[in-house]
Asker: 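Input: one structure, supplied below.
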Amino acid sequence: MTHKCIHWFRKGLRLHDNPALMAALRDCKELYPVFILDPHLFDKTRVGLNRWRFLVGALTDLDRSLQKLNSRLFVVRGRPEDVFPQLFTEWKITKLTYEFDTEPYSASRDKRVTALAKEHKVEVVYKVSHTLYDIDRINEENNGKAPLTYNRMQAIVKTLGPPKKPVAAPTVEDVKGLKTPHLGNDMNYYGVPALDELGHDTLELGEEPFPGGEQEALRRLEEHMKKSGWVCSFEKPQTSPNSLSPSTTVLSPYVAFGCLSARTFWWKLTEVYQGKKHSDPPVSLHGQLLWREFFYTASVGVPNFNKMEGNPVCTQVDWDSNHDYLAAWREARTGFPFIDAIMTQLRREGWIHHLARHAVACFLTRGDLWISWEEGQKVFEELLLDGDWALNAGNWQWLSASTFFHQFFRVYSPVAFGKKTDKNGDYIKKYLPILKKFPAQYIYEPWKAPRSVQQAAGCVVGKDYPRPIVEHEVISKKNIQRMKLAYAKRSGNSDESASKKQGVKREAPSVVHMLKKKGKK
DNA sequence: CAACGGTTGTTCTC
DNA sequence: GAGAACAACCGTTG
């Protein structure tokens, strides 16, 4: 029992499957569980109220769980570079533990903190537990480059075997003989933040369908895993983007903050699958966790992954900057009820179905508004409970057909897509009650309703609800041509750079080599 | 070089 | 409800 140890929580806001926390408990006489409110990560403009509330919930839950182990959480305000030297000295710290984090900011931050720890003669221990695998290992197995297709990714992962088994949460037995000083101090002493601490208007708060925290995460996991038939037959593309209650697990916010370990989720699924016929990646629930791994791998292997410029795998597109269009999209007033309902749900609840994200992302970028995916990325990062740097950047590039996905001629219709799973428009009526009296025939395109129908519904388009800001049938065809042009330039450009790099030659598409292909057999 | 497969398009026809 | 046309991309594989 020699160490005075800080375990630094960042993501990984949990006790289960937390190997770095377990490392902190080893040979420890004084334990200080710390979370830092880094102003670079947490400010009002970057963290919307719902996501902030989720975090506060997660920290509250973590504090409670630590108290059951005769410890507590210390929430410290400030930049980690400023905070740690003070804490090292004040608490006479000898060891620092944390969970490995792949994000560029985190990596540079952790490097700086590790250097400071060294100056203070503090031993640093970190463990991989946010992802299924050590992401660097995957890239190494692929000759040092990120796999750019899911198939390739799967092949690599296969050679690595299944993910590590999760480690159990610490028990009272594990913390025997160690103490956490300042336990009895009042709540304000490094206390969990209040909801208004970032300066949000908390009056805007609605209900909380997805409260933050490890306990809620594990409860939610159990609730879904009990439905073994549902789990075994799960196919993501078959789930509905506009059901009135979520058609998927909504475990993503918990995995993003690390309230739920991806490995715990993985092995729980394995258990449920055991001996049963079940769906497989990419569409299965295991497959969803591998998608997460896929984007994490790309985010580590590709420089400037959250940007278009300087991102070697991202097609360079001449996106417009149209503030009016962007604001209309963000504020749910595009005049397309399906799009506006989704954006309303996003703003109100902080979660929307994956395919709903597809619809609004395609609409913002290559489908209709021709606005950069980086703008959408910012909005999602602020508003989504499950906002995750790697997944957000990766999926925006996917949907904008900038990389990973290239069939840019497949455009989601802001009218037709939602109808497939919600013919009556109940989802629209829920989130846009102004339209609730519209007959189903017109609910997806109210501007087509005769004046008399609009008046009878108590909603005149152009007065009570906006006219559509674009004509989808026209603009989407134009945009496909603009994408085609961007791709043609891409082939031209990469001709030089690619041949330098690895001798791969690519030519601008020639006119005639497109014979009709037969469909699948 | 050509064929193949790609989590999740739309619309029309049978 | 399945299949084809629509216009046609990429990375990977052989």
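Reckoned from all heavy atoms, side chains included, excluding hydrogens, waters and symmetry mates. First the proteins, then the strands, lettered A, B, ... as listed; each starts at 1.
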Asker: Regarding A:Arg53 and A:Asn50, do their side chains bring together a donor and an acceptor under 3.5 Å, going by distance alone?
Answerer: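 Yes, because at least one side-chain N or O of A:Arg53 sits under 3.5 Å from a partner of the opposite role on A:Asn50.
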Asker: Any side-chain heavy atom of A:Tyr427 within less than 4.5 Å of one from A:Ser243?
Answerer: no
Asker: Who is the Watson-Crick or G-U wobble partner of B:dA3, with both distances under 3.5 Å?
Answerer: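 Paired with B:dA3, as far as the under-3.5 Å criterion goes, is C:dT12.
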Asker: Are A:Leu290 and A:Leu132 packed together at the side-chain level, in the sense that at least one heavy-atom pair is separated by less than 4.5 angstrom?
Answerer: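 Of all side-chain heavy-atom pairs linking A:Leu132 with A:Leu290, at least one is under 4.5 Å.
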Asker: Touch check for A:Phe417, heavy atoms < 4.0 angstrom, all strands: base, sugar-phosphate only, or nothing?
Answerer: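 Here A:Phe417 touches the backbone only, sparing every base.
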Asker: When you compare B:dC4 with C:dA4, how far apart are their P atoms, in angstrom units rounded to a whole number?
Answerer: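 Pairwise P distance, B:dC4 against C:dA4, rounds to 16 Å.
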Asker: Using atom P of each nucleotide, how far apart are C:dC6 and B:dA2 to the nearest Å?
Answerer: 23 Å
Asker: State which of C:dC9, B:dT10, B:dT7 makes the closest approach to the side chain of A:Ser413.
Answerer: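 Closest nucleotide to the A:Ser413 side chain: B:dT10.
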Asker: Side-chain donor-acceptor pair under 3.5 Å between A:Thr149 and A:Asn151, yes or no?
Answerer: no
Asker: Contact class for A:Val411 (heavy atom, under 4.0 Å): base, sugar-phosphate, or nothing?
Answerer: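 It contacts sugar-phosphate atoms only.
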Asker: Roughly, in whole Å, what's the span from NZ in A:Lys489 to P in C:dC9?
Answerer: 16 Å
Asker: Does C:dG1 have a Watson-Crick or wobble mate here (both distances under 3.5 Å), and if so which one?
Answerer: B:dC14
Asker: Within less than 4.0 Å of OP1 or OP2 of C:dA8, is there a side-chain N or O belonging to A:Lys484?
Answerer: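 Indeed, a polar side-chain atom of A:Lys484 lies that close.
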Asker: Counting the atoms with a prime plus P, OP1 and OP2 as sugar-phosphate, which does A:Gln154 contact under 4.0 Å by heavy atoms, base, sugar-phosphate, or nothing?
Answerer: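 Contact class for A:Gln154: none.
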Asker: To the nearest angstrom, how far is A:Phe408 atom CZ from B:dG9 atom P?
Answerer: 15 Å
Asker: Can you measure A:Arg410 atom CZ to C:dA5 atom C1' for me and round it to whole angstrom units?
Answerer: 13 Å
Asker: Send over the distance from A:Met153 CE to C:dG11 P, rounded to a whole Å.
Answerer: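 Spelled out: CE on A:Met153 to P on C:dG11 is 18 Å.
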Asker: Name the pairing partner of C:dC6, where a pair is Watson-Crick or G-U wobble with both distances under 3.5 Å, or state none.
Answerer: B:dG9
Asker: Can a side chain N or O of A:Lys420 be found less than 4.0 Å away from OP1 or OP2 on B:dT8?
Answerer: no
Asker: Under 4.5 Å between any side-chain heavy atoms of A:His16 and A:Glu214, yes or no?
Answerer: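 Answer yes - side chains close enough.
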Asker: Picking from B:dT8, C:dG11, C:dA7, which would you name as closest to the side chain of A:His406?
Answerer: C:dG11
Asker: Among residues two or more places apart or on two chains, list those pairs meeting ring pair (Phe, Tyr, Trp, His ring centres under 6.0 Å) that have a residue in residues 250-271 of chain A.
Answerer: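 Qualifying pairs, neighbours excluded: A:Phe54-A:Tyr254, A:Phe54-A:Phe257, A:Trp266-A:His286.
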Asker: Starting at NZ of A:Lys236 and ending at P of B:dG6, how long is that distance when rounded to a whole Å?
Answerer: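 Computing the A:Lys236:NZ to B:dG6:P distance gives 18 Å.
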Asker: For A:Arg490 and C:dA8, what is the distance between atoms CZ and P respectively, to the nearest whole Å?
Answerer: 17 Å
Asker: Taking only the C1' atom of each, what is the distance from C:dA8 to B:dG5 in whole angstrom?
Answerer: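 One C1' to the other, the span is 15 Å.
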Asker: Output yes if the stacking criterion (under 5.5 Å between centres, under 30° between planes) is met for A:Trp291 over the base of B:dT7, else no.
Answerer: yes
Asker: Quick one: which of C:dC9, B:dT8, C:dG11 gets closest to the side chain of A:Phe409?
Answerer: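 Selected nucleotide: C:dC9.
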Asker: Is the phosphate of B:dG5 approached by A:Arg152 (side-chain N or O, under 4.0 Å from OP1 or OP2)?
Answerer: no
Asker: Roughly, in whole Å, what's the span from NZ in A:Lys419 to P in B:dT10?
Answerer: 11 Å
Asker: Given the P atoms of C:dC10 and B:dT10, what is the spacing between them in whole Å?
Answerer: 22 Å
Asker: Angle between ring planes, A:Tyr273 versus A:His278, binned at 30° and 60°: parallel, tilted or perpendicular?
Answerer: parallel
Asker: Looking only at the side chain of A:Gln407 (C-beta and beyond, no hydrogens), which of the listed nucleotides B:dT7, C:dC9, C:dG11 gets closest?
Answerer: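 Selected nucleotide (nearest to the side chain): C:dC9.
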Asker: So which nucleotide from B:dG9, B:dT7, B:dT11 ends up closest to the side chain of A:Ala416?
Answerer: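 Of the options given, the side chain of A:Ala416 lies nearest B:dT11.
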Asker: Does A:Thr315 make a side-chain N or O approach to OP1 or OP2 of C:dC10 shorter than 4.0 Å?
Answerer: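 Indeed not, no polar side-chain atom of A:Thr315 lies that close.
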Asker: Using whole Å, report how far CG of A:Asn151 lies from C1' of B:dG6.
Answerer: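 In whole Å, B:dG6 C1' lies 8 Å from A:Asn151 CG.
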Asker: Return no unless some side-chain N or O of A:Gln288 is found under 4.0 Å from OP1 or OP2 of B:dT8.
Answerer: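 So the side chain of A:Gln288 is outside the cut-off, no N or O lying under 4.0 Å from OP1 or OP2 of B:dT8.
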